[in-house]
S.K.: 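I have a structure here, written as structure tokens, and I will follow up with some questions on it.
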Amino acid sequence: MFELLAEKKVMRDPIHEYIHIQYKVIWDSIDSPEFQRLRRIHQLGPTFQVYHTAEHSRFSHSLGVYEIVRRMVEEVEGVKEHLSEFERVAVMLAGLLHDLGHGPFSHAFELIQNHHHEYYTGQILLGESKIHQILADADVNLPKAIADIIAHRHPNKLLTQMISGQLDADRMDYLLRDAYFTGTSYGQFDLERILRTLRVADDKLVVKESGIHTVEDYIMARYHMYWQVYYHPVSRSFEAVLTSFFRRMKDLYHNNPISLAGYDMFTPFLRDDIVSIEDYVAMDEPAFMYGMSMCKKHPDKILSDLARRLLTRDLFGYLDIDNEKTIVEMKKKVEACGFDSEYYLTVDRAKQQPYQPYRGKESSLIWVMLKDGRIRELSDVSVIVQAIVKGEDKSDRKMFFPKTCIEVSNEQ
Ligand code: NI
């Protein structure tokens, strides 16, 4: 039995109106320093450079995911009956803590490291941390159960499906939240209706046939959010400069570690060995930005220029890549106007499929329960989803370089 709070706590939230907290271990987890750190990590990384109100944090997203899981556990027919109290608390905590290992500017920061954020989430949950202590004090088996749910290792697939399937609490919260905070309308869909049409059948979460249209709407929301918000070329340009900035710092450090003496927040990430939990948790966006403003005065011209660009939003311009020849030509142009193309020309490809019926594991697919009780995979019964799945994958390959090298008319 888990201890309940003397009085149920509520927190206001623009997406869910209220976040409801009843268990002491959940309240204590929110108060842990590792979870509080998420206040200092933007949910959308550099997207606030494009959508100026996208200032929301991983902290509020994580609370939102928790709230959706709590509602699934308490309101969806069959879920409560299907799970023990231990599993219910573990899956709510998995929702709350699934993004614990995110670093500053999420995606770009991952590119320059040996491990993804999922790895650090596991390390923080299972290693020496305050949050580990809080969870283990409530039940010694809790930290491992939560880490297993997040890492898709838990034997009860229903739990994994709630946190990371293709119709999970994580995606449902971030689409609604990111749409709200960017001020776009693409990400809207009817969460209430989805929750009302969810059921449990064959030990998995399924949507009743009457909920199909709402789920189609959710898939379309995802599609539009990717191309309009997540893959916006200006965000990708910020990431391009950030990646070059880090690459330069790593190269300088490898040639001569002394050249970065005093830049202590960065040094654990420049070495080739594993970053400790303590160093990792200390790295948040304020620490990162402070380090960057120090780098603006660094004697190395490339490092200081890249830091200045990031701080003043003097980002790279971009062009679509038609074929490999365009990259070679651009490389010459970048060199001709005095830049080292190693750091001043980057290439990236954005690719996304809003629903993947074939590549996903069974527990990550979306299942529909027909009126006669049969269960089918979503693209088998939805004409719209089938059309999206059969269409070609949309992909977008761009190169990024200083605008002064060539006339580009990128709107920013
Ligand atoms: Ni998330």
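Both counts, for ligands and for their atoms, begin at 1 and track the order of listing.
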S.K.: Does any pair with a residue in residues 121-130 pass side-chain hydrogen bond (donor to acceptor under 3.5 Å, both in side chains), and if so which ones, sequence neighbours excluded?
M.R.: none
S.K.: Indicate the ring-plane relationship of Y344 and F316, choosing parallel, tilted or perpendicular according to the 30° and 60° boundaries.
M.R.: tilted
S.K.: Just to verify, which of R349, R236, K351 counts as forming a salt bridge (charged side-chain N to carboxylate O under 4.0 Å, His left out) with D396?
M.R.: R236
S.K.: Please collect all side-chain hydrogen bond (donor to acceptor under 3.5 Å, both in side chains) contacts where either partner lies in residues 25-34, sequence neighbours excluded, each pair once.
M.R.: K24-D28
S.K.: Just to be sure I understand the site: which N, O or S atoms from the protein are less than 2.8 Å away from the Ni ion (ligand 1)?
M.R.: H61 NE2, H98 NE2, D99 OD2, D170 OD1
S.K.: The criterion is salt bridge (Lys or Arg N to Asp or Glu O under 4.0 Å); which residues satisfy it with R37, sequence neighbours excluded?
M.R.: none
S.K.: Tell me whether the centres of the aromatic rings in H56 and Y180 are closer together than 6.0 Å.
M.R.: no
